[in-house]
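By convention in this document, chain letters (A, B, ...) are assigned in the order of the sequence lines, proteins followed by strands, and residues within each chain are numbered from 1.
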Amino acid sequence: MYFCNLNLHQENTKIVMIEQNLQQAVADALKRLYGMEVAPATVVLQATKKEFAGDYTVVVFPYVKQARKSPEQLANELGAAVKEAVAEVADYNVIKGFLNFVVDDSYWVRFVTAEATDANYGLKQAQPDESPVVVEYSSPNTNKPLHLGHIRNNLLGWSVSELLAANGANVKKVNLVNDRGIHICKSMLAWLRFGNGETPESSGMKGDHLVGKYYVEFDKHYKEEIHELTAKGMDEEEAKKQAPLMVEAQQMLKRWEEGDKEIRDLWSKMNGWVYAGFDETYRKMGVGFDKVYYESNTYLLGKELVQKGLDMGVLFRKEDGSVWCDLTADGLDQKLLLRKDGTSVYMTQDLGTALLRHNDFGAERLIYVVGNEQDYHFKVLKLILGKLGFDWADKVYHLSYGMVELPNGKMKSREGTVVDADDLIAEMEVTAEEMCRDHGKNDDMSPEQLKELYHMLALGALKYFILKVDPTKNMLFNPAESIDFNGNTGPFIQYTHARIHSIVRKAAEQGVDPAQELSAPIELTDKERAVVKCLHDLPSTVASAAANYSPAMVANYAFDLAKSFNSFYQDTPILRENDPVLRLFRVKLCALVALSLKNTMHILGIEVPERM
RNA sequence: GGUUCCGUAGCUCAGCUGGAUAGAGCAACUGCCUUCUAAGCAGUAGGUCCUGCGUUCGAAUCGCAGCGGAAUCACCA
């Protein structure tokens with residue numbers, strides 16, 4: 001098979017990474033010299049701090065007690081043994097309990113030579129026959145357009161999927177559209193009541209924005225009704241329940257679940273508007289899915305599960321007819337699964353979709369990219385799945401990400417402080433255009449090329465700004481900083497890529513091809529070595545980023561690499577270098593940096609330009 | 001009130017399973033374009049890693065307590 005051949009070929013050209021050799025050699029030496037059994041993977045190996053000589057450092061403190069040596073003596077003995085055993089170790093030195101190894105330049109040169117033309121450097125080939133990892137993200141409600149919070153979700157979901165795939169997983173991206181429930185009834189009711197038949201065509205509004213407008217409209221009139229009722233002396237809680245609009249919305253939901261044709265038709269029409277709008281936003285963001293689920297198709301399965309749970313005796317029905325799960329033994333409360341009128345709630349649907357998805361994919365992991373405000377929900381979901389007897393409950397993983405806050409506090413849809421996804425992207429594109437105009441480096445490009453470039457840079461800035469932050473943490477979205485193109489930003493990395501591409505292009509014109517072989521050994525400058533070592537870290541960075549579900553680790557890596565390259569580029573001649581061997585090596589280095597930037601940015605869902 | 005998460009430079013963030021003198025970017029200030037893209041590079045300045053106690057050769061990292069902030073605990077999703 002094609003992929004297998006490709007893989008074998010790659011394996012042949014790859015060199016064995018030196019970290020494992022060092023760890024193994026240390027473990028071997030500990031055993032041989034002191035009779036100690038140490039698993040190689042547990043040997044603490046870290047990059048040597050730049051103020052000391054060396055490339056890798058082994059911390060020997062953990063072994064001094066058992067070896068009955070002073071840290072210095074132990075480190076020296078280990079250093080001598082490892083230098084003897086590992087050909088790539090040129091030298092070692094000891095400072096306190098730290099054993100620093102110097103790796104011979106020939107290793108770094110061999111590494112660059114081996115990888116410089118591997119277009120997939122840093123990306124493992126996905127295994128198509130492996131049981132899949134299903135990543136659910138986006139999961140929009142069809143009652144309002146996407147906003148900044150959704151943007152973080154979508155970018156994270158896409159990027160984590162790409163990250164896991166880059167680490168060899170067979171990833172399936174899925175979306176679960178929350179197309180039913182009380183919220184969409186509110187929009188429908190408001191549209192019937194106040195809409196005068198307005199459509200996306202008649203108003204020129206994007207469909208999701210139009211429906212969102214009526215959701216806001218509902219809330220406005222609902223508030224008024226509550227106010228009127230409380231003014232007459234009614235308790236506020238009671239007023240919220242008895243407000244005519246709310247009562248009517250609930251009746252509408254009931255009619256929807258009963259399959260009432262009139263309601264279903266209206267629902268189909270308005271959801272259709274929303275989907276058209278979402279598709280446009282997804283396309284602009286550059287995200288997509290292998291499969292889309294609709295809750296309207298899956299919630300009944302949830303209801304069946306609830307019945308099964310009742311039969312099994314793990315759920316119970318209260319006098320009013322509502323169905324609950326008792327989680328007090330797990331330290332939680334009772335959880336509602338069916339309302340007294342028999343309609344289902346969020347949890348009911350999620351039980352159903354989880355089962356459906358498990359059956360559809362036979363997945364090894366079911367990952368849900370959902371905000372940390374729902375930590376409790378997923379804790380409960382896993383517990384109930386377990387109580388229902390599904391042994392795959394522990395394959396459910398909630399990738400819980402932090403909230404996006406604005407400089408003036410939280411986004412509140414009712415207070416109009418929501419940052420709309422479409423608006424934000426449009427503004428970023430305008431900014432990108434202004435920046436490019438100011439620099440005036442692309443005046444010869446066609447209008448289509450320019451438009452593509454502006455979009456690429458706008459999305460690069462936005463995506464990088466959001467993805468560089470640890471997903472689990474809340475983050476501040478400062479609009480002024482998000483459109484910055486300098487420093488730790490997407491465009492900085494894109495710019496670095498464009499610069500390198502310019503060199504590689506000119507090298508080709510001069511007949512220097514990164515695929516050519518070096519005809520003589522070379523010595524590296526400090527700046528070169530720094531870049532090479534950074535490149536060398538890419539595979540392990542992707543692996544640990546994937547293990548942590550953290551695109552941020554990839555983003556920060558890409559920035560470090562770009563910075564390291566720019567520093568090298570600033571004061572090292574490349575094409576101006578007279579020595580042809582050095583010139584060729586540096587072109588190889590450039591080519592590999594460009595590839596690495598491209599591949600890491602690809603994981604983030606960011607494209608890199610060849611010119612900017 | 002219960003539970004969970006967070007607290008690192010003026011601001012935004014790195015700092016992975018404990019390791020050497022805690023790092024970037026932004027903002028401020030200095031330099032560097034006749035030379036491969038200055039959207040860049042080099043430098044200066046900026047710290048009680050919230051506080052206290054503990055664990056140990058070693059703590060921003062682990063534990064406990066306190067202070068401050070956030071989320072959640074709905075017949076909303």
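Checking B/G25, B/A14, B/U3 against the side-chain heavy atoms of A/Lys379 singles out B/U3 as nearest. With B/A20, B/G7, B/G19 as the candidates, the nucleotide lying closest to the side chain of A/Lys49 is B/A20.
Looking at heavy-atom distances under 4.0 Å, A/Asp179 makes no contact with the nucleic acid at all. At a threshold of 4.0 angstrom between heavy atoms, the contacts of A/Val469 are confined to the sugar-phosphate backbone, with no base atom among them. Within the 4.0 angstrom heavy-atom criterion, no nucleotide atom of any strand lies near A/Pro609. Within the 4.0 angstrom heavy-atom criterion, no nucleotide atom of any strand lies near A/Asp560. Counting non-hydrogen atoms under 4.0 angstrom, A/Thr57 reaches a base of the nucleic acid.
Of the N and O atoms on the side chains of A/Tyr401 and A/Asn153, at least one donor lies less than 3.5 Å from an acceptor on the other residue. Counting only N and O atoms by type, the side chains of A/Asp55 and A/Thr48 include no donor and acceptor under 3.5 Å apart.
Glycosidic conformation, B/C33: syn, with the torsion inside 90° of 0.
Residues passing the ring-ring contact (aromatic ring centres under 6.0 Å, His included) test with A/Tyr294, sequence neighbours excluded: A/Tyr275. Remark: A/Lys96 pairs with no residue by the salt bridge (Lys or Arg N to Asp or Glu O under 4.0 Å) rule, at least two apart or across chains. Legend: residues meeting salt bridge (Lys or Arg N to Asp or Glu O under 4.0 Å) with A/Glu577, ordered by chain and number and at least two apart, are A/Arg586. Residues forming a salt bridge (Lys or Arg N to Asp or Glu O under 4.0 Å) with A/Asp208 (at least two apart in sequence, or on another chain): A/Lys206.
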*Take A/Thr496 and A/Asn566, measure what side-chain contact (heavy atoms from CB on, under 4.5 Å) needs, and give me the verdict at the end.*
CA-CA 7 Å; A/Thr496 305; A/Asn566 281 325; 3.1 Å; yes
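Only the C1' atoms considered, B/G63 is 13 Å distant from B/U56, to the nearest whole Å. Taking the C1' atoms as reference points, B/U34 lies 28 Å from B/C29, given to the whole Å. Rounded to a whole angstrom, the distance from the P atom of B/C6 to that of B/C50 is 13 Å. The same atom, C1', is picked in B/C57 and in B/C5; the two are 33 Å apart, to the nearest Å. Nucleotides B/U55 and B/U61, compared at atom P, are 15 Å apart to the nearest Å. When the P atom is used for both B/U30 and B/C67, the distance is 46 Å, rounded to whole Å. Between B/A65 and B/G2, the two P atoms lie 12 Å apart (nearest whole Å). The separation of B/G31 from B/A70, taken at their P atoms, amounts to 45 Å, rounded to a whole angstrom.
Aromatic ring pairs are classed by plane angle as parallel below 30°, tilted from 30° to 60° and perpendicular above 60°; the pair A/Tyr368 and A/Phe378 is tilted.
Base pairing of B/U30: its partner is B/A42, meeting the Watson-Crick or G-U wobble criterion (both donor-acceptor distances under 3.5 Å). Nucleotide B/A24: paired with B/U12 (Watson-Crick or G-U wobble, both distances less than 3.5 Å). Across all strands shown, B/G19 forms a Watson-Crick or G-U wobble pair, both distances under 3.5 Å, with B/C57. With a cut-off of 3.5 Å on both Watson-Crick or G-U wobble distances, the partner of B/C36 is given as none. B/U72 is paired with B/G2 under the criterion used here, namely a Watson-Crick or G-U wobble arrangement in which both key atom distances are under 3.5 Å.
Ion pairing of A/Arg339 with A/Glu257 is absent here, as no side-chain N (NZ or NE/NH1/NH2) approaches a carboxylate O to less than 4.0 Å.
In this structure, CG of A/Leu476 is placed 13 Å from C1' of B/A70, rounded to the nearest angstrom. To the nearest angstrom, C1' of B/G15 lies 12 Å from CD of A/Gln46. The distance between atom CD of A/Glu481 and atom C1' of B/G10, rounded to the nearest whole Å, is 12 Å. Between the CE atom of A/Met403 and the P atom of B/U4 there is a distance of 19 Å, given to the nearest Å. To the nearest angstrom, C1' of B/G10 lies 14 Å from CG of A/Asn478. Regarding A/Asn488, its CG atom lies at a distance of 17 Å from the P atom of B/G23, rounded to whole Å. Summarising the geometry, the separation between CG on A/Asn548 and P on B/A14 is reported as 13 Å, rounded to the nearest angstrom. Distance A/His398 NE2 to B/U4 C1': 12 Å, rounded to the nearest Å.
Contact annotation: A/Lys473 reaches the phosphate of B/A14 (side-chain N/O to OP1 or OP2, under 4.0 Å).
The side-chain ring of A/Phe52 is stacked on the base of B/A20, judged by centre separation under 5.5 angstrom and plane angle under 30 degrees.
The nearest heavy atom of RNA chain B to A/Glu405 and to A/Phe98 marks one nucleotide each, and the one closer to the 5' end goes with A/Phe98.
By the 4.5 Å heavy-atom criterion applied to side chains, A/Asn548 and A/Met553 are counted as neighbours.
For A/Arg180 and A/Tyr299, the positive end sits near the middle of the six-membered ring, less than 6.0 Å away and at most 45° from its axis. A/Trp324 carries A/Lys318 over the face of its six-membered ring, with the cationic atom under 6.0 Å from the centre and within 45° of the normal.
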*Summarise how protein sits on nucleotides 72-77 of chain B as a single string, 5' to 3': B when a protein heavy atom is under 4.0 Å from the base, S for sugar-phosphate-only contact, - for no contact.*
SS-BSB
_Footprint string (nucleotides 35-42 of chain B, 5' to 3'): B base within contact, S backbone only, - free, heavy atoms under 4.0 Å_ = BBBSBBSS
